[in-house]
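Worksheet: one structure, shown below.
On a predicted model such as this, the values are computed, not experimentally measured, just so you know. Every chain is numbered from 1, with letters handed out A, B, ... down the list of sequences.
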Amino acid sequence: MINEFPRVRFAPSPTGYLHVGGLRTALYNYLFAKKNKGIFILRIEDTDRNRFVEGAVDNLIDTLNWAGLMADEGPKSGGEYGPYIQSKRLDIYQKYANELLGKGHAYRCFCTSERLGNLREEQKKLKLPQAKYDKHCLNLSKDEINKYLENKIPFTIRLNVKPGNKIIIDDIIRGRVEFDPSTVDDQVLIKSDGYPTYHLANVVDDHLMKITHVIRGEEWLSSTPKHVLLYNYFEWEIPAFAHLPLLLNSDGSKLSKRQGDVAVEDYRTKGYLKEALINFVALLGWSAGDNQELYYLNELAEKFSLERVQKSGSIFNIDKLNWLNFEHLRKKTDAELVSMLKDEVSKSEYDAVDYSDEYLLKVIHAMIERVNFLSEFITKSFYFFIAPTEFEETSRLKNWKPETPNHLQRLCDNFENVLNNTKEEFEVSLAKTSEELGIGKGKLIHPLRLAVSGVSGGPGIYEILEIIGKEETVNRIKSAIEKLS
RNA sequence: GGCGCGUUCGUCUAGUGGUCAAGGACGCCGCCCUCUCAAGGCGGAGAUCACGGGUUCGACCCCCGUACGCGCUACCA
């Protein structure tokens, strides 16, 4: 009988990092669980010993937790259906493989990889519609099998696929999908090293862990008939399936390393907010149907449904991610921003100075509309942390005229009288200077900006002055007069 | 090759037979604002709904075919 509350799992293989496609699969599982008061399980599928990567599991969990996707059950969270790492469940798979062996739904295969390779090649040459294992070892006599066993000949255990009715999958996202059993290969279930393949392990674990909904990438759709057969042979209840569309490169191929960053860690180190990444990835393949674009994890969990997941793959479009990062950054509170910027500064080349919260907050208010990333508070407005040593050439050519040094000198003199360092005072003082000199304010503002910041863009000039202060302003102007004249 | 899945503006998408001569968002362009750069406001370009047949009074929406794309086709997941 269907459980009252769903149990879903994210089952990555620990290859060293979390793929953004994996993040989305994990997210959808998580959201589905939260929406339906279910349980979100993390299971590590590390049955390929050749692909073992030291520390990969810890890294995976760390990244998932960073994103806010805490597992209810898993290697770190525990749970009553553990262990949640497949390499620690070998005896379980063995037991079930033996059960299949006993029922005649599986058989030992002693074929060498060489014979398998030749077989494949031969079938290819004959242009056979399908390359499948030829069931050679199914016909071995008891004596032959015993002889092989005694001689310790390595073997695999294969699924014994029998002809029969169409295998029907009722996919939540794709609807009814049919497969003819004749197209299903006698898949290896237990490898010669004793480890199970994905197909056996995932079916056994999903059953034992009482998984109600299998939500995974579309690349698994083709092997689902094997899984269905397995459930049938075990006489187990089949979970609901939902095969998610793939995430793609800009050329439409499956999102891969070659064409940009695929590891969640990459985005994390580049300074993307977890809120932005989650928001972005949630919208790749799913929409609530309204026009909302900005979401937090908890809102997503309220609105999510598998029925509204798109069927076709979606291209990972970095522009929108950047925009979402900007939006989420702006939604942070002052306190959060200050603390984040503090971290950022301490990691930067300006870590020697201990900037006050008040100072950093001023920088934040001045720049928040102008940055997409936290790091840009430092790179785009470096002049709040250090005096400029270089001056933008185009602005210099446009704004630095022969008479400019004299004008700025006069401005400096007037600035000396500024008492409280407020932008209003600087504004009044500059207006006064322009009047005294009989020139437009622009004639002062632009070279002043260049002198003080080294660049032509940025916050309002008076705001910049207020932040760096009178003394520093005067020093910078003087220094610029020397350097640019 | 076989099997499976998919196809609405450049991109993410809304759309479940008439309200769609297709709506929103990112990006792009223009105008306004303005000391600059942003942000913001306003506006614009941008999709013969892959193509061809049906079904229907009527199709982006249903059916069939074709094309193209993608996935799987391992003792990898």
Side-chain angles (χ1 to χ4, degrees), chain A residues 11-15 45-48 50-51 86 109 111-113 116-117 120 123-124 127-132 154-158 169 171 173-174 177-180 182-185 187-199 201-202 216-225 243 245-246 248 250-254 280 283-294 308 310-324 326 330 367-372 380 395 399 427 430 440-446 448-450 453 455-462 464:
Chain A
S13 74
T15 53
E45 311 235 329
D46 59 343
T47 54
D48 185 359
N50 298 321
R51 287 218 260 167
Q86 291 186 328
C109 173
C111 290
T112 60
S113 52
L116 263 18
R120 227 166 278 140
Q123 291 175 330
K124 208 173 181 182
K127 291 215 161 89
L128 244 52
Q130 253 130 214
K132 287 200 313 185
F155 64 90
T156 62
I157 296 177
R158 281 183 186 274
I169 293 153
D171 193 275
I173 295 166
R174 278 148 224 285
V177 184
E178 296 183 359
F179 294 88
D180 194 296
S182 67
T183 64
V184 181
D185 200 3
Q187 184 65 47
V188 169
L189 301 176
I190 298 276
K191 298 179 248 185
S192 55
D193 64 4
Y195 277 66
T197 57
Y198 171 85
H199 305 94
N202 115 85
R216 71 217 319 185
E218 189 188 351
E219 69 267 31
W220 294 111
L221 187 56
S222 299
S223 41
T224 306
H243 286 95
L246 261 20
L248 312 170
S250 45
D251 68 353
S253 57
K254 189 171 158 183
F280 176 61
L283 260 21
L284 284 179
W286 174 85
S287 80
D290 52 21
N291 284 333
Q292 187 175 343
E293 302 281 343
L294 228 71
R308 292 197 59 87
Q310 198 84 6
K311 291 182 179 73
S312 52
S314 33
I315 293 171
F316 194 91
N317 177 213
I318 202 89
D319 281 335
K320 190 151 184 180
L321 210 207
N322 290 342
W323 172 72
L324 282 169
F326 168 78
R330 291 216 291 179
M367 291 301 293
I368 192 72
E369 308 281 329
R370 285 163 248 264
V371 300
N372 282 318
K380 272 195 175 172
S395 172
N399 300 310
E427 186 164 4
L430 186 135
K441 288 197 281 186
K443 285 261 188 298
L444 287 171
I445 287 175
H446 296 294
L448 171 61
R449 177 183 288 284
L450 183 66
S453 75
V455 292
S456 60
I461 185 64
Y462 308 115
I464 295 180

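B/rA59 and B/rC70 have their P atoms separated by 33 Å, with the value rounded to a whole Å. Taking the P atom of each, B/rC60 and B/rG52 are spaced 12 Å apart, rounded to whole Å. Nucleotides B/rG18 and B/rU34 are separated by 48 Å at their P atoms, to the nearest Å. Rounded to the nearest Å, the gap between the P atom of B/rU55 and that of B/rG71 is 37 Å. Remark: the separation of the P atoms in B/rC61 and B/rC9 is 14 Å, to the nearest Å. Taking the P atoms as reference points, B/rU48 lies 11 Å from B/rU8, given to the whole Å. Spacing of P atoms, B/rA39 relative to B/rA25, comes out at 15 Å, to the nearest Å. Spacing of P atoms, B/rG41 relative to B/rG24, comes out at 15 Å, to the nearest Å.
Applying the Watson-Crick and G-U wobble criteria (two distances, each under 3.5 Å), B/rC33 pairs with nothing in any strand. Pairing partner, B/rC20: none, since no Watson-Crick or wobble contact has both distances short of 3.5 Å.
In this structure, the nucleotide among B/rC35, B/rU11, B/rG4 sitting nearest to the side chain of A/Ile315 is B/rU11. In this structure, the nucleotide among B/rU7, B/rC75, B/rG4 sitting nearest to the side chain of A/Arg158 is B/rC75. Of the candidates B/rC72, B/rG24, B/rU13, the closest approach to any side-chain atom of A/Gln310 belongs to B/rU13.
Rounded to a whole Å, the CG atom of A/Leu321 is 19 Å from the P atom of B/rA25. Between A/Trp220 atom CH2 and B/rC70 atom P the separation is 20 Å, expressed in whole Å. The distance between atom CG of A/Asp319 and atom P of B/rC26, rounded to the nearest whole Å, is 11 Å.
At a threshold of 4.0 angstrom between heavy atoms, the contacts of A/Pro196 are confined to the sugar-phosphate backbone, with no base atom among them.
Close to B/rA38, at under 4.0 Å from its OP1 or OP2, lies no side-chain N or O of A/Arg330. For B/rC76, the OP1/OP2 oxygens have a side-chain nitrogen or oxygen of A/Lys191 closer than 4.0 Å. Taking 4.0 angstrom as the limit, A/Arg308 places a side-chain polar atom (N or O) nearer than this to OP1 or OP2 of B/rG15. Between A/Thr47 and B/rA77 there is a side-chain N or O to OP1 or OP2 distance below 4.0 Å. Between A/Lys311 and B/rU8 there is no side-chain polar atom (N or O) within less than 4.0 angstrom of OP1 or OP2.
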